[in-house]
Amino acid sequence: MTPEQLRDVVRTAVSGAVARGTLAVEVPEDVVVERPKNRAHGDYATNIAMRLAKTAGIPPRAVAEALAEELRAQPSIAAVDVAGPGFLNITLAEGALGRIAVQAVSAGEDYGRTDALAGQRINLEFVSANPTGPVTLGSTRWAAVGDAIARLLEASGADVSREYYVNDAGAQIERFARSLQAAALGRPIPEDGYQGDYIEPVAQRVLADTPGLLDMPEQEQVAVFAEKGVAAMVADIRATLEGFGAHFDTFFSERSLHESGALEKALATLREQGHVFERDGAVWLRTTDFGDDKDRVLVKADGEPTYFAADCAYYLDKRRRGFDKVVILLGADHSGYVGRYKALVAAAGDDPATHLEIQIGQLVNLVRNGEPVRMSKRAGNFVLLTDLVEAVGIDAARYALARASVDQQIDIDAELWSRKTNDNPVFYVQYAHARISSVLRNAAELGLSLGEAGDVDVSQLGHERENDLLRAIGEFPRVLTAAAELRAPHRVARYLEELAGTYHRFYDSCRVLPRGDEVAGPQTTARLWVCAATATVLHNGLTVLGVHAPERM
RNA sequence: GCGCCCGUAGCUCAGUGGAUAGAGCAGGUGCCUUCUAAGCACUUGGUCGCAGGUUCGAUCCCUGCCGGGCGCGCCA
């Protein structure tokens, strides 16, 4: 029996007590059934009695006693204890936990998936770094976390589109183009330009692609370097992210908004809603009406639209494309953006609480030999996604980035992340999967297989370590659901570490395969199912994080 | 000054109002002739930044303070 099934049983018990007249409450929708930390507290525990006590008008322990009475009548429940202030500690009947293994294996890659977000169309924007250079270490965190969030939302049944906003308009593109031009002409890069080593090859690519470029007038040259330089950079960024396992469905060009007239349309829409005004020769959006700190300029006094104006058009475009929810993952250096973004959504007539969600993540520090290293794209002394991957590998990089809460600043230490020790939890988790794969391979060599789900004798299971493992496997769907709701993929990683440890302890004390001249029996088969179920969860969990589940190490 | 994030074991960090606050690393002691020792067992280690409040119960929610990071442009 899974925790979800037990939750229904508890709810049934409440209705039973109500029907019997021992309890006068409404049957709650959300019943919390959790895995107690202390094993002496049974397989599962619920605080339902304490939560119902107030409305029932009787002490929590009395509510608990009434519910315990109901629950004890259930054949799948072996024992119910009322403990502490009113906890119900539930011990499942022999074999009830074992069914979890069968369910997990039978569901396979679908184990853990839910339809909690079925029917939701979500646009998830992340990374969106300026196309003036390769993907940096700072963006790498969002590539790993954003992609994991996308996979989590999909595991909850949502229809997710991954999007990268290409800021291919504005002053920094001009500086980028002039840097390319200078490199092509063999001149020093302008002081306010981009100094990185990557500039030269990009400049050469543009030159090779455009015969006679250097004979064109100055302004035309810059325009070509801008257009083709950005295209080359975006292609590079896209390839890098794909190689990292982070696929984007759309690379959306900011410039296309300017060229299609979307900005004017957005301005007109905001005007219709009555939140646009003029002051000092500029056009403003009255975002303070919706909680922003100050009003924001849409069109500057010189007639040029602001970056914010493009944001308005971009948001409206996303909504026009049919997304129910626009989710944007931003670094803490953009946290000042939240207020105006919410306000623009409200000003456009939408509800920020339902249509927009901005997730702010803290920045990363690059650490070398224990010392922080400063990164600056403009100065060219930055470390790239590709550098990190080269140093530690994709799996270690993605895992290390995804296992930390986004609310936490993290230190990226390539030396630490490349260690093949327990400083690196990714190997601990992967090792568990490889170990199980090995057991299953050996089983196959002995001619042993799982057989049919209906033939497993789950009553063969009951060792404390087996029960621990089965309970952990049973948690997986709830871990995925919670992680998706909270946009917190690190919860999946932490859970996998716990699961791997639980498996290693099971492995240590529960021999799976027959040794020497022993003969395989029903317990062997039952334990093979437990192994296969664990492998299923490790695989599914690692896949959510974009990390490989190896069969050998 | 205002806004957001953080402060939990020596270090790096988990912990969506529940029972005796956890993990890894670091330190110490053991366990491989048979399923992967990248493993396991035992052990040392805490005023959950401080002070109030909310309630049956607070690391978690609220208020104030202290310390650290980021942000507060007619830049992008």
Side-chain angles (χ1 to χ4, degrees), chain A residues 32 34 36-38 40-41 45 47 50-51 53-54 59-60 83-87 89 130 132 167 169-173 175 254 279-284 293-294 296-308 310-311 331-339 360-363 365 403-411 413 416 419-432 434-443 445-446 482-483 485-486 488 490-491 493-495 497-498 500-501 503-516 518 524 527-528 531 552-553:
Chain A
V32 178
E34 59 184 6
K37 289 172 208 157
N38 189 333
H41 295 150
N47 63 357
M50 288 176 286
R51 296 185 44 203
K54 191 168 274 181
F87 287 103
N89 293 335
N130 284 340
T132 53
N167 297 131
Q172 89 278 0
I173 294 300
R175 283 198 296 271
E254 178 190 353
R279 185 207 298 159
D280 304 331
V283 180
W284 300 67
D293 298 336
K294 52 191 78 167
R296 306 291 168 177
V297 173
L298 291 166
V299 182
K300 298 188 257 180
D302 64 6
E304 288 296 309
T306 59
Y307 183 83
F308 181 61
D311 272 340
D333 51 345
H334 288 76
S335 61
Y337 233 69
V338 178
I360 297 294
Q362 299 302 307
L363 305 179
N365 304 307
R403 83 181 285 273
S405 157
V406 294
D407 288 336
Q408 197 73 234
Q409 297 178 44
I410 53 175
D411 293 335
D413 186 332
L416 189 67
R419 279 188 208 160
K420 295 204 166 27
T421 67
N422 277 348
D423 294 21
N424 241 341
V426 64
F427 295 120
Y428 184 78
V429 176
Q430 288 185 316
Y431 181 66
R435 204 177 213 188
I436 296 169
S437 300
S438 175
V439 172
L440 296 177
R441 272 196 305 273
N442 294 341
E445 273 177 31
L446 293 172
E485 269 174 20
L486 299 166
H490 76 279
R491 283 170 173 263
R494 303 299 175 144
Y495 162 81
E497 289 163 28
E498 188 190 317
Y503 180 79
H504 287 312
R505 286 186 284 279
F506 156 82
Y507 179 91
D508 190 58
S509 46
C510 296
R511 175 81 194 187
V512 178
L513 299 176
R515 57 183 113 193
E518 288 174 0
T524 307
R527 285 183 168 171
L528 280 174
C531 287
R552 299 171 200 273
M553 284 175 78

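Note on naming: letters A, B, ... go to the chains in the order of the sequence lines (proteins, then strands), and numbering restarts at 1 for each one.
- A:R494 comes within 4.0 angstrom of the backbone, heavy atoms only, and of no base.
- Annotation for A:F308 and A:Y337: closest pair CA-OH, 4.2 Å, computed over non-hydrogen atoms.
- Side-chain contact check for A:R435 versus A:Y507: some heavy-atom pair is nearer than 4.5 Å.
- Within 4.0 Å of A:Y307, counting heavy atoms only, lies at least one base atom of the nucleic acid.
- For the pair A:F87 and B:rA19, the ring geometry qualifies as stacking, because the centroid separation is below 5.5 Å while the planes lie within an angle under 30°.
- We find that A:E518 and A:R511 are not joined by a salt bridge, their nearest charged nitrogen and carboxylate oxygen being 4.0 Å or further apart.
- Between the base of B:rG71 and the side chain of A:D333 there is no donor-acceptor pair shorter than 3.5 Å.
- Nearest nucleotide to the side chain of A:Q362, out of B:rA76, B:rA19, B:rG69: B:rG69.
- A:A488 comes within 4.0 angstrom of no nucleic acid atom, judged by non-hydrogen atoms across all strands.
- Within 4.0 Å of A:G516, counting heavy atoms only, lies at least one base atom of the nucleic acid.
- Within the nucleic acid shown, A:N89 comes within 4.0 Å of at least one base atom, counting heavy atoms only.
- A:S405 comes within contact range of the sugar-phosphate backbone alone, with a heavy-atom separation under 4.0 Å but no base atom that close.
- In this structure, A:Y495 atom OH and B:rA23 atom P are separated by 18 Å, rounded to whole Å.
- Among the atoms of the strands shown, none is found under 4.0 Å from any heavy atom of A:R403.
- Mapping A:S438 and A:A169 onto RNA chain B by nearest heavy atom places A:S438 at the nucleotide closer to the 5' end.
- Relative to the side chain of A:Q408, the nucleotides B:rU16, B:rG7, B:rC70 differ in distance, and B:rG7 lies closest.
- Here B:rC6 is in the anti range [glycosidic angle more than 90° from 0].
- Across every strand in view, B:rU16 sits unpaired, with no contact that passes the Watson-Crick or G-U test at under 3.5 angstrom.
- Residue A:R505 is in sugar-phosphate contact alone, with no base atom involved, counting any heavy-atom pair closer than 4.0 Å across all strands shown.
- At a threshold of 4.0 angstrom between heavy atoms, the contacts of A:N38 include nucleobase atoms, whether or not backbone atoms are also involved.
- Contact annotation: side chain of A:D311 to base of B:rA76, donor-acceptor pair absent below 3.5 Å.
- Here the side chain of A:D280 is nearest to one of B:rC35, B:rC74, B:rA38, namely B:rC74.
- Among the heavy atoms of the strands, none lies under 4.0 Å from A:A432.
- In this structure the side chain of A:R491 reaches within 4.5 angstrom of the side chain of A:L486, judged on heavy atoms.
- We find that the ring of A:Y507 and the base of B:rC35 stack, their centres lying under 5.5 angstrom apart and their planes tilted less than 30°.
- For the pair A:Y503 and A:C531, the minimum side-chain heavy-atom distance is below 4.5 Å.
- Residues A:L416 and A:N424 have side chains not in contact (no heavy-atom distance under 4.5 Å, counting atoms from C-beta outward).
- Across all strands shown, nothing is found opposite B:rG46 as a Watson-Crick or G-U wobble partner with both distances under 3.5 Å.
- Using a 4.0 Å heavy-atom cutoff across all strands shown, A:H490 reaches sugar-phosphate atoms only and no base atom.
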